[in-house]
Amino acid sequence: MSGNALRDLNTLPTPERKNDSSSKGNFTKPCNGKTIENVEEQLKKSLSSVQINGGETLNVQHNKSSASVQINGGETVNVGVEVANSEVEYIESENLSDLEDVDTCLKKLLPGLDSKDWILVVETLNNVRRLSVFHKERMHSMLGDLIPLVVKSLKNPRSAVCKTAIMTSANIFSAYNDDLIDSLDPLLVQLLLKASQDKRFVCEAAERALEAMTTSVSPMLLLPKLQPYLKNRNPRIRAKASMCFSRSVPRLGVEGIKEYGIDKLIQVAASQLSDQLPESREAARTLLLELQTVYEKSHGLSTVVSENPEMGSWENFCLSKLSPLSAQAVLRVTTNIAREGLVIGS
């Protein structure tokens, strides 16, 4: 990922509101989230209506620089052109409701995600979330076509679409686990980018999605996907990838870490120990303490150690696998930092 790509994604252009723009079409969004209709014959009118929370209706009058909002036919307030965007409701997973007509929803899923109507895209993304929670088997066969469209929404410069797509990614991870591994790369790239940007509410949502990924996808499959991003040119992407890597390793367990290769893992952690950002360095310290615990736990079980006692200590192991400078840095960390709550299975 280049720095230019990250800056492009962080730049959220103001939507155009020209007099002849189709964005002035009339749309209605009921609170139950099941229907959004574009009224084509109203395209040249400048009035938009949004119904939220089951009752209150906002009439949005657009012009080039401002919009007026009339609440229930009463007081009119002038606001910015992003007023419709501000009325999107972000539904937490535990508050998602089931769908009334699953078959119809499935048929409309791909066209809805590929629509140019951002309101319809947001609604369809929420339906993907509902299907992931309540009917994941029904949607499983569509994942190959669905994931690229979710990625497309992750790239959308409109915050409402982007954040809803991030929340959708988290639900997909939780529902499909390792079945996503072949489609993971484009999702991972975008989530690392979004978690690295300055817009706080998008960043926090992306971090939660990355946490869902690390707890849902098997670490043996996920770690090789994460490893290239530990060397990314963007330090913030490296930091987010390091945190994911550090969270995933303990899920391998003692035997899994030995199978993956504790020597490979200690080299990864040592390289991050001198990284530019403190998040990367802290993730590396956490990982090193985990590896030391695993190494010492398996110390008495290794036939190699019993035959070569001089190689049995953690210090000698570090010196044998790392450069002298890296080994010294690792030993400083693992000697001086108190290990609290990091023992596997404790």
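From a predicted model like this one, the values you see are computed outputs, not experimental measurements. Values reported hereafter were calculated over all heavy atoms of this structure, with side chains retained and with hydrogens, waters and symmetry mates removed.
The shortest heavy-atom contact between Ser246 and Ala283 is OG-O, 3.2 Å. Shortest non-hydrogen contact noted between Ser216 and Ala212 is OG-O, 2.7 Å. Residues Val128 and Leu113 approach most closely at CG2-CD1, 4.2 Å, considering heavy atoms. When all heavy atoms are compared, the tightest approach of Ala284 to Ala269 is CB-O, 3.4 Å. The two residues Asn127 and Cys105 have their closest heavy-atom pair at CB-SG, 3.6 Å. Leu277 approaches Pro235 most closely through the heavy-atom pair CD1-O, 3.5 Å.
Under the 4.5 Å side-chain contact rule for hydrophobic residues, Ile172 and Leu96 do not share a cluster. Under a hydrophobic clustering in which Ile, Leu, Val, Met, Phe, Trp and Tyr are joined whenever their side-chain heavy atoms come within less than 4.5 Å, directly or via other members, Leu273 and Leu319 fall into different clusters. In the hydrophobic clustering of this structure, Val133 does not group with Ile147; members are Ile, Leu, Val, Met, Phe, Trp, Tyr whose side-chain heavy atoms approach within less than 4.5 Å, directly or through other members. Leu331 and Val333 end up in the same hydrophobic cluster when Ile, Leu, Val, Met, Phe, Trp and Tyr side chains are linked at under 4.5 Å. Following chains of ILVMFWY side-chain contacts shorter than 4.5 Å, one can reach Leu188 starting from Leu143, so the two form part of one hydrophobic cluster.
Counting non-hydrogen atoms of other residues, nucleotides and ligands closer than 6.0 Å to NZ of Lys225 gives a total above 12.
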Kindly indicate, with the supporting measurements, whether the criterion side-chain contact (heavy atoms from CB on, under 4.5 Å) is fulfilled by Leu191 and Met213. CA-CA 10 Å; Leu191 290 174; Met213 177 190 69; 5.5 Å; no
After noting the C-alpha distance and the side-chain angles of Val330 and Leu322, does the key distance pass the side-chain contact (heavy atoms from CB on, under 4.5 Å) rule? CA-CA 9 Å; Val330 168; Leu322 303 169; 3.7 Å; yes
Check against salt bridge (Lys or Arg N to Asp or Glu O under 4.0 Å), Lys240 and Glu207: CA-CA 8 Å; Lys240 300 303 179 183; Glu207 288 179 344; 2.4 Å; yes
Verdict with supporting geometry, Asp98 and His135, side-chain contact (heavy atoms from CB on, under 4.5 Å): CA-CA 9 Å; Asp98 199 355; His135 306 281; 2.8 Å; yes
Applying side-chain contact (heavy atoms from CB on, under 4.5 Å) to Lys152 and Asp114, what does each step give before you reach the verdict? CA-CA 8 Å; Lys152 178 182 176 181; Asp114 204 27; 2.7 Å; yes
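In this structure the side chain of Lys136 never reaches within 4.5 angstrom of the side chain of Leu131, judged on heavy atoms. Contact check for Tyr90 versus Phe201: side-chain heavy atoms found under the 4.5 Å cut-off. Considering only heavy atoms from C-beta on, Leu184 comes within 4.5 Å of Leu222 through its side chain. Here the side chains of Ser169 and Val150 are in contact, with some heavy-atom distance below 4.5 Å. Here the side chains of Met243 and Glu282 are not in contact, with every heavy-atom distance at 4.5 Å or above. Under the 4.5 Å side-chain criterion, counting only non-hydrogen atoms from C-beta, Leu210 is not in contact with Phe173. Side-chain atoms of Phe317 and Ile266, non-hydrogen and from C-beta on, do get closer than 4.5 Å to each other. For the pair Ser242 and Glu279, the minimum side-chain heavy-atom distance is 4.5 Å or more.
By the salt bridge (Lys or Arg N to Asp or Glu O under 4.0 Å) test, Lys163 pairs with no residue at all, sequence neighbours left out. His140 is linked by a ring-ring contact (aromatic ring centres under 6.0 Å, His included) to Tyr176, counting only residues two or more places apart in sequence or in another chain.
Side-chain atoms of Arg158 never come within 3.5 Å of backbone atoms of Trp118 as a donor-acceptor pair (strictly under, hydrogens ignored). Between the Arg238 side chain and the Asn232 main chain, a donor and an acceptor come within less than 3.5 Å of each other. Between the side chain of Thr335 and the backbone N or O of Arg332 there is no donor-acceptor pair closer than 3.5 Å. Remark: side-chain polar atoms of Arg251 are paired, donor with acceptor, to backbone N or O of Thr214 under 3.5 angstrom. Looking only at distances, a side-chain donor or acceptor of Arg129 sits under 3.5 Å from a matching main-chain atom of Ile91. The backbone N or O of Gln276 sits less than 3.5 Å from a side-chain atom of Arg281, completing a donor-acceptor pair. Side chain of Ser218 to backbone of Met220: no donor-acceptor contact under 3.5 angstrom is found. Between the side chain of Lys258 and the backbone N or O of Val254 there is no donor-acceptor pair closer than 3.5 Å.
Rounded to the nearest 0.5 Å, atoms CE (Met139) and CG (Leu106) are 8.0 Å apart. Distance CD1/Ile237 to CG/Leu193: 4.5 Å, rounded to 0.5 Å. A distance of 6.5 Å separates OH of Tyr229 from CG of Leu192, quoted to the nearest 0.5 Å. For the atom pair Leu230 CG and Cys244 SG, the distance stands at 9.5 Å (nearest 0.5 Å). Summarising the geometry, atom OG belonging to Ser298 is positioned 6.0 Å from atom CD1 belonging to Ile262; distances are rounded to the nearest 0.5 Å. Interatomic distance, CG of Leu109 versus NZ of Lys107, reported as 13.0 Å (0.5 Å rounding).
Donor-acceptor pairing under 3.5 Å is lacking for the side chains of Ser174 and Asn171.
At a threshold of 4.0 Å, the pair Arg236-Asp198 counts as salt-bridged, since one of the basic side-chain nitrogens sits closer than that to a carboxylate oxygen.
Cation-pi geometry between Lys297 and Tyr295 is not met: the NZ or CZ atom fails to fall both under 6.0 Å from the ring centre and inside 45° of the normal.
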